[in-house]
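Structure record follows, encoded as structure tokens.
These values consider heavy atoms only, across backbone and side chains, with no hydrogens, waters or symmetry-generated copies.
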Amino acid sequence: MTLDDESAALHLSTGTPRQRAEVDVVLLHRVPGGGLVTALEGGQPLDLADSSAVDEQTVARLRGSMLRLDTAEDIPYAVIDALLRSPVPPLFQASPWLRHARLVALESGVTRIAGTRLGYQAGTGLWVETEENTPS
């Protein structure tokens with residue numbers, strides 16, 4: 001069973017028995033020294049606050065950086081909950097393909113969400129490092 005964004009966030013935060021939860025995210029690289037981001041495959045820097053920048057080419061690049069994070073794939077509930085509670089950037093809201101997706105902004109290929117490190121490496125894909133699976 002997949003929960004919609006609002007009920008999933010509420011469900012995850014109330015401590016009730018957990019079911020499967022998922023969220024669509026767009027992985028983007030944060031451009032150093034500013035508020036701009038780029039798609040995983042590169043391209044022109046994008047301003048997430050600019051909803052007028054959504055054209056077919058931009059949506060295609062962003063969709064190429066999109067994936068679904070799912071508790072069934074060992075993504076911690078706390079990560080899904082934090083992402084579901086985060087706002088959808090205006091750039092994503094302007095596209096029917098992206099309007100429910102959340103941002104995961106990577107700096108040097110890594111970010112931290114709800115105490116969990118997430119990273120992306122071309123050729124390998126997404127990796128998750130929690131306290132339980134951190135090498136000693």
Side-chain angles (χ1 to χ4, degrees):
M1 176 175 151
T2 302
L3 304 171
D4 68 14
D5 293 353
E6 287 182 30
S7 63
L10 176 64
H11 179 76
L12 292 171
S13 66
T14 60
T16 58
R18 295 180 174 159
Q19 297 177 3
R20 178 178 171 185
E22 60 188 31
V23 62
D24 290 326
V25 298
V26 179
L27 295 171
L28 299 173
H29 294 290
R30 192 171 300 283
V31 175
L36 302 178
V37 293
T38 59
L40 291 178
E41 64 188 36
Q44 293 295 320
L46 300 167
D47 181 355
L48 293 169
D50 184 5
S51 62
S52 67
V54 179
D55 57 35
E56 267 185 57
Q57 204 171 31
T58 300
V59 170
R61 281 198 344 253
L62 292 173
R63 287 187 66 205
S65 295
M66 191 173 192
L67 58 96
R68 178 165 291 158
L69 300 182
D70 190 324
T71 55
E73 299 293 329
D74 294 330
I75 302 296
Y77 281 94
V79 172
I80 302 291
D81 184 46
L83 288 166
L84 288 171
R85 291 175 181 281
S86 68
V88 176
L91 181 68
F92 297 0
Q93 290 175 18
S95 165
W97 291 102
L98 303 169
R99 68 178 173 211
H100 296 293
R102 300 310 200 276
L103 168 68
V104 173
L106 304 169
E107 293 186 32
S108 301
V110 179
T111 192
R112 184 173 293 276
I113 301 170
T116 299
R117 282 181 41 146
L118 298 160
Y120 180 84
Q121 187 172 15
T124 305
L126 182 75
W127 54 264
V128 179
E129 183 179 276
T130 63
E131 288 181 15
E132 294 84 36
N133 70 9
T134 302
S136 328

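Contact detail for L40 and L27: the closest heavy-atom pair is CG-O, 3.5 Å. Nearest approach of R20 to E22, heavy atoms of both residues: NH2-OE1, 3.3 Å.
Neither V110 nor L28 shares a network with the other; the hydrophobic side chains, linked directly or stepwise wherever heavy atoms of I, L, V, M, F, W or Y lie under 4.5 Å apart, form separate groups for each. Under a hydrophobic-cluster definition in which Ile, Leu, Val, Met, Phe, Trp and Tyr are linked whenever side-chain heavy atoms come within less than 4.5 Å, directly or via other members, L106 and V23 are assigned to the same cluster.
L103 has its side chain within reach of L48: a pair of non-hydrogen atoms, C-beta onward, lies under 4.5 Å apart. Proximity of L67 to L126: side-chain heavy atoms (C-beta onward) are separated by under 4.5 Å at one or more points. In this structure, I75 and I80 have side chains that are in contact, with non-hydrogen atoms separated by less than 4.5 Å. With a 4.5 Å cut-off on side-chain heavy atoms, P76 and V128 count as touching.
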Check your understanding: Should L83 and L69 be marked as a side chain to side chain contact (heavy atoms under 4.5 Å, CB included) after you check the CA-CA gap, both sets of side-chain angles, and the distance that decides it?
Key -> CA-CA 10 Å; L83 288 166; L69 300 182; 3.6 Å; yes
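Remark: the backbone N or O of S86 is paired with a side-chain donor or acceptor of R102 at under 3.5 angstrom.
Between F92 atom CZ and H100 atom NE2 the span is 13.5 Å, to the nearest 0.5 Å. With rounding to the nearest 0.5 angstrom, the OG1 atom of T71 is 11.5 Å from the CG atom of D81.
By the side chain to side chain contact (heavy atoms under 4.5 Å, CB included) test, E41 pairs with A39, R61, sequence neighbours left out.
Other residues, nucleotides and ligands contribute at most 12 non-hydrogen atoms within 6.0 Å of the CH2 atom of W97.
Pairs passing the salt bridge (Lys or Arg N to Asp or Glu O under 4.0 Å) check and including a residue from residues 24-33, sequence neighbours excluded, read D24-R68, R30-E107. Applying the side-chain hydrogen bond (donor to acceptor under 3.5 Å, both in side chains) test to pairs two or more places apart or on separate chains, those with a residue in residues 43-56 are D50-S52, D55-T58.
No option in V54, L91, V88, L62 other than L62 meets the side-chain contact (heavy atoms from CB on, under 4.5 Å) test with L98.
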Pairs of donor and acceptor atoms involving the side chains of residues 111-124, under 3.5 Å and at least two apart or interchain, shall be tabulated with distances.
residue: T111; atom: OG1; partner: A105; partner atom: O; Å: 3.3
residue: R112; atom: NH1; partner: G115; partner atom: O; Å: 3.3

